[in-house]
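Take a look at the structure below.
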Amino acid sequence: MRLLSRKASCNTHGQDSSYFLGWQEYEKNPYDEVKNPKGIIQMGLAENQLSFHLLESWLAKNPDAAGFKRDGKSIFRELALFQDYHGLPAFKQALVDFMSEIRGNKVTFDPNHIVLTAGATSANETLMFCLAEPGEAFLLPTPYYPGFDRDLKWRTGVEIVPIHCTSSNGFQITEAALNQAFEEAENRNLRVKGVLVTNPSNPLGTTMTSNEHNLLVSFIEAKKIHLISDEIYSGTVFTSPGFVSVMEILKNRNYDKFSEVWKRVHVVYSLSKDLGLPGFRVGAIYSNDEMVVAAATKMSSFGLVSSQTQYLLSAMLSDRNFTKKYISENQKRLKKRHGMLVSGLQKAGVSCLKSNAGLFCWVDMRHLLRSNTFEAEMELWKKIVYDVKLNISPGSSCHCTEPGWFRVCFANMSEETLELAMQRLKSFVTEYNRINNSNKESSAKNSRRRSLTKWVFRLSFDGADRQPEER
Ligand SMILES: Cc1ncc(COP(=O)(O)O)c(C=O)c1O
């Protein structure tokens with residue numbers, strides 16, 4: 001008799017992906033400047049540690065917020081007892097205002113349409129529970145965030161069907177790829193309930209073009225399905241083109257606010273990346289469908305944001321001087337860091353997809369593969385983790401269809417650590433090229449020797465008057 005549920009014993013969680021395996025290897029031998037200078041540098045974690053000083057200095061100036069006081073008086077008991085799954089109104093207002101500010105106040109969000117969740121992880125799963133039955137499908141452009149296999153599929157039983165994007169156009173979504181994914185789902189007898197995209201993209205670090213947006217909106221309108229836009233990285237856009245939310249696209253297309261399309265587009269957000277607070281577990285679903293908002297609110301009981309966290313962050317995010325300064329300073333820091341990574345890679349002879357957002361680059365190491373296969377990608381990845389001691393994420397863990405791409409994070413370490421990581425990579429590539437060139441030279445020599453031997457062989461056997469056939 002089975003003592004555990006199928007869910008508990010199945011392996012669709014995705015924990016065995018190289019994305020998570022790399023983290024485990026890092027945990028066994030983590031780099032530390034003093035204690036373990038030869039350890040593995042973690043470049044597989046999309047964390048933003050670049051602007052903590054701004055958060056810390058705000059906390060120092062506003063001791064009431066973290067001390068659970070209002071006007072100097074303790075509100076500890078009030079917060080300890082608060083358990084309403086609708087969330088603190090002041091926090092919801094502050095969060096929607098922050099979301100608008102990130103979008104240059106071109107769109108506004110109604111606090112009655114927002115549902116608080118324990119991070120974007122919970123927001124995405126909750127939306128799956130609201131929008132699809134087990135065995136129904138969502139289409140996702142590749143490469144995609146490896147955590148989606150867990151978040152969207154594991155407990156819900158929903159299937160992911162990939163929209164295959166390629167390097168030929170910078171991994172942008174095309175109409176042909178969308179239609180092909182839809183057909184693939186139909187061939188697998190899966191009913192498609194929607195498309196889920198990340199904008200800016202994890203792992204590409206690029207923002208969605210208006211062409212892609214319009215394509216997607218027309219597609220979901222025609223097919224009568226949903227569109228989820230995970231905009232968790234919206235505040236990380238550090239250079240042009242700027243960030244455009246799907247909400248702005250809907251507004252610009254002049255859809256009636258009560259139209260079906262408005263109701264079928266949902267935004268996911270979180271403070272894990274823009275504010276660098278993944279440990280606080282603050283996420284949100286924004287939807288124009290009242291039924292979705294009501295159902296998701298009830299479901300949010302399973303992953304609430306604690307009232308202390310809501311209280312603290314409502315004070316922080318309603319300080320508009322602070323949020324303005326934070327957003328621009330954070331973007332400046334990300335831009336600088338991104339520049340450091342790109343130039344470090346260049347010095348090692350490695351290029352990456354041109355990007356304008358996120359906490360990572362999508363790095364092209366196809367020239368370092370032994371062959372154009374995913375086995376070769378794994379081989380290279382193992383060398384980089386175990387020999388070079390850098391944990392980066394292979395493209396295959398993001399379901400990329402082309403071997404040789406890797407996601408490399410740049411915002412979860414100090415500048416010195418990033419410099420060291422680039423030195424390690426450069427030494428590796430130099431050594432790789434040296435061995436490769438000497439292998440090529442010796443195989444060229446061997447083949448020249450072979451030709452000569454054949455030539456001599458033929459001369460001596462076929463007679464001196466015969467011309468050699470191979471050289
Ligand atoms: C695209 C995307 N969605 C969701 C998540 C989960 O974020 P959270 O920490 O808010 O659960 C991540 C985290 O890396 C992500 O990259």
Answer with yes or no whether the side chains of Trp154 and Asp149 bring together a donor and an acceptor at under 3.5 Å. no
If the threshold is 4.0 Å, N to carboxylate O, is there a salt bridge linking Glu248 and Lys251? no
Between Ser427 (side chain only) and Gln423 (backbone N and O only), is there a donor and an acceptor less than 3.5 Å apart? yes
Quick one: does Asn199's side chain have a donor or acceptor within less than 3.5 Å of a partner on Val244's backbone? yes
If we only count heavy atoms from C-beta on, is the Leu178 to Leu216 side-chain gap below 4.5 Å? yes
If you apply the rule side chain to side chain contact (heavy atoms under 4.5 Å, CB included), what do you find for Leu190 with Glu184, and how did you get there? CA-CA 9 Å; Leu190 299 171; Glu184 188 195 322; over 6 Å; no
Between Tyr233 and Phe360, ring centroids under 6.0 Å: yes
Side-chain contact test, heavy atoms from C-beta onward, threshold under 4.5 Å: evaluate it for Leu390 versus Ile40 and give yes or no. no
Does the separation of the ring centres of Phe171 and Trp405 fall below 6.0 angstrom? yes
A side-chain contact here means heavy atoms from C-beta on lying under 4.5 Å apart; do Met365 and Val429 qualify? no
Quiz question: by atom type and distance under 3.5 Å, do the side chains of Asp110 and Tyr286 form a donor-acceptor pair? no
Locate the shortest heavy-atom distance separating Val158 from Leu152; write the atom from each residue and the value. CB-O, 3.6 Å
Test item: Lys273 side-chain N/O and Glu47 main-chain N/O as donor-acceptor pair under 3.5 Å: no
In sequence, state the C-alpha distance, the side-chain angles, and the governing distance for Thr207 and Asn356, and then conclude on side-chain hydrogen bond (donor to acceptor under 3.5 Å, both in side chains). CA-CA 7 Å; Thr207 44; Asn356 61 335; 2.9 Å; yes
Any donor and acceptor pair, going by atom type alone, linking the side chain of Ser122 with main-chain N or O of Gly119 inside 3.5 Å? no
Just checking, is any N or O donor in the side chain of Thr209 or Glu212 under 3.5 Å from an acceptor N or O on the other one? yes
Do Ile114 and Tyr269 touch side chain to side chain, with heavy atoms closer than 4.5 Å? no
Do the ring planes of His266 and His226 sit parallel (below 30°), tilted (30 to 60°) or perpendicular (above 60°)? tilted
Taking atom types as modelled and ignoring hydrogens, do the side chains of Gln93 and Asp97 form a donor-acceptor contact shorter than 3.5 angstrom? yes
Could you verify whether a donor N or O on one side chain and an acceptor N or O on the other, from Asn330 and Asn48, lie under 3.5 Å apart? yes
Charged N to carboxylate O below 4.0 Å: is that the case for Arg155 and Glu125? yes
So if I apply the side-chain contact (heavy atoms from CB on, under 4.5 Å) rule between Trp362 and each of Ser201, Pro143, Ser167, Cys352, which one comes out positive? Pro143
Is any side-chain heavy atom of Tyr31 less than 4.5 Å from a side-chain heavy atom of Arg424? yes
Modelled atom types, side-chain donor and acceptor of Glu221 and Tyr255, under 3.5 Å: yes
Would you please indicate yes or no on a ring centroid separation below 6.0 angstrom for Tyr26 and Trp23? no
Quick check against the 3.5 Å criterion: does Asn36 have a side-chain atom that pairs as donor or acceptor with the backbone of Asp32? no
Is there side-chain contact between Val350 and Val363, with heavy atoms separated by less than 4.5 Å? yes
Is there a donor-acceptor pair closer than 3.5 Å between any side-chain N or O of Ser314 and the backbone N or O of Gln310? yes
So His113 and Glu290, do their side chains get closer than 4.5 Å, heavy atoms only? no
Test your reading of the model: is there a side-chain donor-acceptor pair from Ser396 to the backbone of His399, 3.5 Å cut-off? no
Do Glu133 and Arg191 meet the salt-bridge criterion of a basic N to acidic O distance under 4.0 Å? no
Heavy-atom nearest pair, Ala94 first then Ser318, reads CB-N, 4.1 Å
May I ask you to test the Phe98-Leu271 pair for a side-chain heavy-atom distance under 4.5 Å? yes
Below 30° counts as parallel, above 60° as perpendicular, anything between as tilted: where do the rings of Phe410 and His338 land? perpendicular
Just by distance, no angles: are the side chains of Arg407 and Asn202 close enough, under 3.5 Å, to form a donor-acceptor pair? yes
I'd like to know if the side chain of Thr417 and the backbone of Met413 have a donor-acceptor N/O pair within less than 3.5 Å. no
Distance check, rounded to the nearest 0.5 Å: Leu196 atom CG versus Ile160 atom CD1? 8.0 Å
Between Tyr326 and Phe322, what is the ring plane arrangement, given parallel below 30°, perpendicular above 60°, and tilted in between? tilted
Nearest heavy-atom approach of Ala411 to Leu334 is CB-CD2, 4.1 Å
Which atom pair, heavy atoms only, marks the closest approach of Ala60 to Pro63? O-CD, 3.8 Å
Any chance CD of Glu175 has more than 12 other-residue heavy atoms, nucleotides or ligands included, within less than 6.0 Å? no
Please check if any side-chain donor atom of Arg253 sits under 3.5 Å from a side-chain acceptor atom of Ser259, or the reverse. no
If you look at every heavy atom in Cys361 and Ser355, which pair is closest and at what distance? SG-OG, 4.2 Å
Checking the side chain of Ser300 only, and the main-chain atoms of Leu304 only, is there a donor and an acceptor separated by less than 3.5 Å? no
salt_bridge(Glu101, Arg320) N-O dist < 4.0 Å: yes
